[in-house]
Amino acid sequence: MLRFKAVEEAFKKKPLKVEAPSRLTSDYYGKYVFNESAMSKYLSKDTLKSLKNAIEKGVQLSRNVADEIAAGMKMWAMELGATHYTHWFQPLTGGTAEKHDSFIEYEGAPGGNIIEEFTGKLLIQAESDASSFPNGGIRSTFEARGYTAWDPSSPAFVLGNTLCIPTIFISYSGESLDYKAPLLKSIAALNKAATDVCNYFDNKVKHVFTYLGWEQEYFLIDEGLFATRPDLLLTGRTLMGHESAKNQQLEDHYFGAIPSRVAAYMEDLEYEGYKFGIPLKTCHNEVAPNQFEIAPIYSEANLAVDQNLLLMSIMKKVARRHGFRVLLHEKPFQGINGSGKHCNWSIGTDTGVGLFTPGKNTKENLQFITFIINALMAVYKHNGLLKASISSATNAHRLGAHEAPPAIISAFLGSQISAILDKIENNNGEEIVMGDKNALKLGIGHLPEVMIDNTDRNRTSPFAFTGNRFEFRATGSSANCSPCLIALNTAMADQLTQFKKEVDAKIAKGKAKDKAIFEVLKSYIKICRPIHFDGNGYSEEWKKEAAKRGLDCETSVPKIFNNYLKKESIEMFTRMGVLNERELLARNEVKWEMYTKKIQIESRVLGDLAMNHIIPVATKYQGTLIDNVYKLSQALPDKAAMLSKENIDLIEQIAAHINTIKVKVEAMTAARKKANIIENEEEKANAYHDNVLPYFSQIREAIDHLELIVDNEMWTLPKYRELLFIR
Ligand code: ADP
Ligand code: MG
């Protein structure tokens, strides 16, 4: 049987020998990236200067300069073995997409000599027939073409034989069809709004950057075992499988040594990541068996997102070299922890000040408190939207379960910051003068530096302040980080803009600046109190409490998506110039469509496995039991009734489970058929959620019971213990 063969093979596999590309990491770090050092080698000084202006200040590149950059980039890429180029973009389906073109062109008339060519025009913009990418109908009503356009703020890289150029993807009429375009817009909006507010405190600040440090969780499964599980192969998760007797209850995996085959994989992955300039910092075991994490040092958000997407594809490639498959799904296995991608989010000035980092004096700390409170306000006002930004068919299995943030967004602050907010809120306006003495009384004159390590590690909060950043923990492991950053950045930008308006109004009426700021902050602390929760987010009491506080408690993913179309959301995205109503409508269509497709595929795979794997095996085993009962009645007629009792009981149990499976699969199929004829994407997604999805757990329960009864030798699908403990 394939299952046992796969187990046997997996046991025989030895760790691959991995060698460092060089003794010093700096020798090969960023080798495949067209970074500053490569640019300075392949571009003239003037060209480099224009490019830097484009990157830092958004100055348009002239055609000549673009041609020169393209020529330099091509030469650099060809020396690394590249023969093709592609515009690398981030469609709404998730992951990345690319269309490869080779460098070759006819030198003169068609049919003549071939030369390698790559012009500024090809670098900057390409037409992509992307009608096959979901776009929520925007494209069909307009020109059937989209454009990809170069994003010079994220460096090009060579992957295999291809020069990859990070690009945005927009429709002919200018609407965003991807994640990168709105991300860049949200970063720009936040830069503007935050710089304005910073200038209350320091007029030297000219720019505010958005930073992201992601932590990527994943599972590694032996490739042979993976191949024998059609559910893993087609859906990325197991749709059935009884819990292993041992899983994570001993907590031995988290603290344990990294298994040797995995250690080799991680080492290899780190080297590969370094070649692409990804500053990987930590690799370690996670809570569940065969679950691991990899994280880089944080960087500017746009770059960090691209690096995460690139690393996800490198992870898959390297895994196959080591005989593994990477599972990026949020919940590959029931009953043990799922995988997230914590997004550590912060903003900082061009003068080097982290705006979520406690400062050294009163002025810096008033600034710090200002940004913290505005962040809370943003998250409070748009908590439903933030939840929508991380919601998906796959992440739904993780959220609200006992090991992951609940399907409610709240913010954790820790005791120190909470105490400061209380003091400000309870202070009677009059005594607020920004002298150091009063500031001290409020607790903001001097914040101890140790705070960074001291913030309680409340693991149950979806949005936690961790000393110098907020950690958005609800993001799923397979997701692009962009949607949650787009929502966060835009909400924050909008909030800061509102804040400035209110403070300016008070100043115009003759209030001193510091006092005006204090008054507005004080009013905010009261307003956003409901979002602040430092308690146990996994508890049942919190769910009740959150509902009382008016936080969004919806758990149905298709309904959660409606948050994007709420009046407040549309107005906010429009005001900040990040997405307009048409784009939001179109993008929601895609979200609903993707949701439907995921559940549809799972439902088909589940039905197929149930009918074609599970029932035949169970029936076969039932047959051997019946045989045995019959033979007993022939051989020992007197004792047969007594001796056959247990087997008859088993025969009946199996019959009952088979019946349940059959009935439920038929009902599920009928529900699917009914849903499929619905044309409206929103209604269809709701039908899949409400009428198809509920059968999954019912069918699974019967299958998992059978797994416990049926002869192990007959069971064709590798069991959880094999998938999770062999490596
Ligand atoms: P954890 O205890 O949450 O696992 P780690 O140190 O492993 O913490 O990971 C934290 C992540 O947060 C890293 O990617 C790190 O670079 C990032 N990070 C640290 N400081 C900041 C910051 N100010 N802004 C954004 N990300 C940050
Ligand atoms: Mg973390």
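All ligand and atom numbering here is 1-based and tracks the order in the structure. Just so you know, residue 1 is the first one in the sequence shown, and it goes up from there.
Taking every heavy atom of Ile297 and a limit of under 4.0 angstrom, the matching atoms of ligand 1 come to 16 (O). For ligand 1, the atoms closer than 4.0 angstrom to any heavy atom of Glu471 are 3 (O).
Residues Gln307 and Phe157 have side chains not in contact (no heavy-atom distance under 4.5 Å, counting atoms from C-beta outward). Annotation: side chain of Val353 is not in contact with side chain of Glu364 (no heavy-atom distance under 4.5 Å).
The option with the heavy atom closest to atom 3 (O) of ligand 1, from among Gln216, Glu215, His342, is Glu215.
Side-chain N or O atoms of Ser153 include none that pairs as donor or acceptor with a backbone N or O of Ile55 at under 3.5 Å. Although no hydrogens or angles enter the test, the distance criterion places no donor-acceptor pair under 3.5 Å between the side chain of Asp202 and the main chain of Asn199.
The N/O atoms of Ala295, backbone and side chain alike, include none that comes under 3.5 Å of an N/O atom in ligand 1. Residue-to-ligand polar distances keep Trp345 apart from ligand 1: every N/O pair is separated by 3.5 Å or more. Considering both main-chain and side-chain atoms, Asn344 comes within under 3.5 Å of ligand 1 through a nitrogen or oxygen pair. Ligand 1 has no N or O atom lying under 3.5 Å from any N or O atom of Glu293, backbone or side chain.
For the residue pair Trp345/Asn489, the side-chain donor-acceptor check at 3.5 Å is satisfied. When only modelled atom types and interatomic distance are considered, Gln334 and Thr238 share no side-chain donor-acceptor pair under 3.5 Å.
Heavy-atom separations between Pro296 and ligand 1 include at least one value shorter than 4.0 Å.
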